Amino acid sequence: MKNDIFSNLNSKQLQAVMYTGQNVLILAGAGSGKTRVIVYRIAWLLSQGININNILAVTFTNKAAKEMKDRLEKILCIPINLMWVGTFHNLAHKLLRIHWKEAELNKNFQIIDTNDQIKLIKSICHDYTIDINLWPIQQFKNFININKSNGVRSNEFIPTNYNEEILLKIYKQYEIVCNCNNFVDFNELLLRICELFKKNLNIKQLCREKFQYIFVDEFQDTNKIQYTLIKELLGDNSNLTIVGDDDQSIYGWRGANPGNMLRLSHDYPNIHTIRLEQNYRSTFNIISAANTVINNNTTRLGKKLWTEKDKGELITIYTASSELDEAQYIIEKIQFWIKSGKKLKDLAILYRSNAQSRIIEEQLLRSEIPYKIYGGLRFFERAEIKDVLAYIRLIANNNDDISFERIINIPTRGIGEVTLKALKNIAKQNKCSLWQATKITLINQELSKRILQILQKFVDLINECINRINILNLSSLISYIIDITNLREYYTKFDRQSRIENIDEIIIAAEQYSLFVQTSNNLSLLQEFLSHISLESEDASDHCNNENYVTLMSMHAAKGLEFSIVFLCGMEEGLFPHIKSIINFESLEEERRLFYVGITRAMDKLYMLYSKKRLVYGHKNERQPSRFLSEIPLNLIFNDNKNDIQKLDHNDMKLCSTKNYHFYLGQKVVHPYFGEGIINKFEGEGEYFSVTVNFRKFGKKSILPKYLSNK
DNA sequence: ACCTGAAATATTTTT
DNA sequence: TATTTCAGGT
């Protein structure tokens with residue numbers, strides 16, 4: 001570490017970095033060097049002789065954690081993989097893996113994701129004959145999650161009406177089922193560890209001694225249980241550094257409470273507050289827009305960004321005629337900026353909801369602009385991936401009923417509803433898992449010969465896999481499972497090539513994972529791999545082998561990042577602010593904060609787009625511009641109307657028809673082997689006629705039209 | 001038990 | 001529109 005690394009900090013930042021008191025709260029506006037302060041403060045502590053093992057840094061997203069690690073590594077020039085940097089869930093998980101016994105968990109507990117959770121609740125509702133039409137599953141899920149994130153167990157909740165009685169009944173049963181099956185959901189990770197700290201003072205003391213210096217980034221996003229967790233970790237001699245920005249609190253819907261920042265000053269009166277208000281990221285115009293907009297919120301701690309930068313460009317607002325026009329305008333501008341010397345990496349396209357990415361993606365593909373989409377349909381949430389994982393989970397933990405149910409008939413082996421019901425009954429009678437129920441059935445010979453044979457084969461298959469856990473390495477084991485189960489053939493039936501590719505990607509993911517992680521034995525590696533997948537759903541759908549690409553992501557996902565040029569699209573009433581957030585004032589203010597986050601991602605140039613018409617559930621809708629747009633002062637805006645009138649859908653799409661085929665440029669087509677793609681070019685004539693297609697997974701290929709079908 | 005096509009349904013953000 | 005569930009036929 002160089003001695004002069006601190007010389008490029010401003011006085012406020014320096015104050016925060018070198019603060020010597022016990023606790024410090026850094027109120028840091030967007031672009032004021034938040035992460036930078038954390039990273040430098042850690043570096044400074046190390047330079048003061050603090051041991052790296054005594055530092056804990058908590059973030060909210062995996063991306064933020066990775067970013068912090070990278071930056072630390074860069075300025076410290078030492079490997080920091082031993083340091084505790086990670087998300088809250090990550091921290092809780094690591095601790096629970098160490099102290100599983102004391103936390104009253106089974107050694108190989110499984111983390112379940114939201115989809116599993118919903119499935120579980122669904123099956124419980126089914127058992128209690130609850131009418132799903134009257135009681136949407138979502139309601140139960142929210143009830144359970146909100147309570148857990150408030151630290152409230154089912155036996156602590158006191159219902160005040162019939163509605164709550166029903167909700168509670170399911171919550172209670174959900175807890176029982178999770179315990180029986182060895183399941184731990186996301187909130188459970190945090191709740192468990194808090195409870196562990198409360199009842200086991202030894203472990204708490206151990207952790208307090210280890211984590212003497214605690215950093216929490218994005219503190220405005222903490223919920224009650226996370227707040228409690230931090231509080232539990234703080235001993236008399238602990239040092240706490242909190243960084244946050246109440247104006248960027250955008251996770252209220254999952255229980256985040258920006259009030260925690262105020263509460264902190266109340267709970268720790270000696271905490272010193274430092275405000276970072278100088279923005280280094282954006283031009284004056286962008287900062288002005290952001291300040292004016294956020295000023296319309298009533299609940300704020302109060303903070304005003306300023307910058308020394310020039311006015312810069314005006315904010316361009318473009319009124320599109322359709323979502324296609326919107327996408328094409330973006331393409332046009334991207335091409336313009338590339339010609340003017342910008343890199344694709346300087347550009348980001350941000351939206352309110354992930355569904356908006358589809359049409360933009362198609363146009364990017366068509367224009368051969370490399371891009372990377374973050375979020376959305378996560379790799380490990382895809383059905384075929386979950387099928388494979390279910391096999392792995394069942395092998396690691398025979399009593400995993402969710403996985404059992406998922407794959408007992410995948411590939412179809414003749415086990416239907418009736419047999420499954422019979423197995424469930426036996427499991428109920430014997431208070432055991434479906435796997436054990438199957439074995440009991442086989443001993444008692446209770447079902448028809450044919451079914452028994454199928455079940456025997458299934459049990460043998462799983463046992464074969466179990467036997468190989470210690471013989472094969474992780475990726476070979478997974479590959480073995482895929483082979484022995486015939487999953488590849490099964491998915492071929494759905495003529496979706498992408499599914500098979502995805503399956504093969506798990507093998508690669510496992511291979512890479514085992515390179516990085518060392519464990520005592522194969523089973524624990526397997527379990528760690530499964531946990532890793534649940535907690536860090538990295539996007540493997542990387543359509544781009546290029547280092548340089550345009551970034552597409554939701555505004556939520558973009559928090560903490562910055563780009564030279566930013567496109568905010570779909571700035572329409574109902575979409576942003578989202579229709580579900582308009583109803584009440586708190587959620588509307590949260591939408592405005594999200595809008596503020598979106599604006600402040602841009603360093604140099606900001607585009608905002610909305611469309612006068614948009615396809616909503618298959619119907620063309622007239623749209624109104626977002627109310628937030630009108631909150632931006634007019635003198636900061638340039639209205640780009642040049643294409644407004646003459647531009648029509650498909651305006652520049654050349655058609656190409658022969659007597660057998662009918663294609664247009666930009667058309668979405670499917671190839672039996674290469675999967676989905678976009679028509680890029682036509683070549684030749686008559687029998688030599690061919691079509692160049694840019695495939696999502698395989699890039700550009702020249703294809704005979706007879707192999708292409710419409711999506 | 002499985003397949004098929006029709007009908008219903010749901011559309012936010014993430015660990 | 002895209003996905004999931006449902007009902008009825010094989």
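Computed from heavy atoms alone, side chains included, the values below leave out hydrogens, waters and symmetry copies. Lettering of chains follows the sequences in order, A, B, ..., and the numbering in each one begins at 1. Model, not experiment: these values are computed from the prediction.
- Centroid-to-centroid, the aromatic rings of A/W100 and A/F109 stay 6.0 Å apart or farther.
- What separates CZ of A/R614 from P of B/dT11 is a distance of 18 Å, to the nearest Å.
- When heavy atoms are screened at a 4.0 angstrom cut-off, A/T114 is found touching base atoms of the nucleic acid.
- Distance noted for atom C1' between C/dT4 and B/dT13: 23 Å (whole Å).
- In this model, the phosphate group of B/dT14 is approached by a side-chain N or O of A/S554 to a distance below 4.0 Å at OP1 or OP2.
- The aromatic ring of A/H89 does not sit over the base of B/dT15, since the test of centres under 5.5 Å and planes under 30° is not met.
- Among the heavy atoms of the strands lying under 4.0 Å from A/N409 are primed sugar atoms or P, OP1, OP2 only; no base atom is included.
- A salt bridge is absent between A/K612 and A/E622; no separation between the charged side-chain nitrogens and carboxylate oxygens falls under 4.0 Å.
- For the residue pair A/S587 / A/N584, a side-chain donor-acceptor distance below 3.5 Å is found, with atom types taken as modelled.
- Residue A/Y251 is classed as a sugar-phosphate contact, given heavy-atom separations below 4.0 Å to backbone atoms only.
- None of A/K386, A/K141, A/K119 except one satisfies the salt bridge (charged side-chain N to carboxylate O under 4.0 Å, His left out) rule with A/D113; the exception is A/K386.
- Per the stacking criterion (ring centres < 5.5 Å, plane angle < 30°), A/W253 stacks onto the base of B/dT13.
- Residue A/K122 is classed as a sugar-phosphate contact, given heavy-atom separations below 4.0 Å to backbone atoms only.
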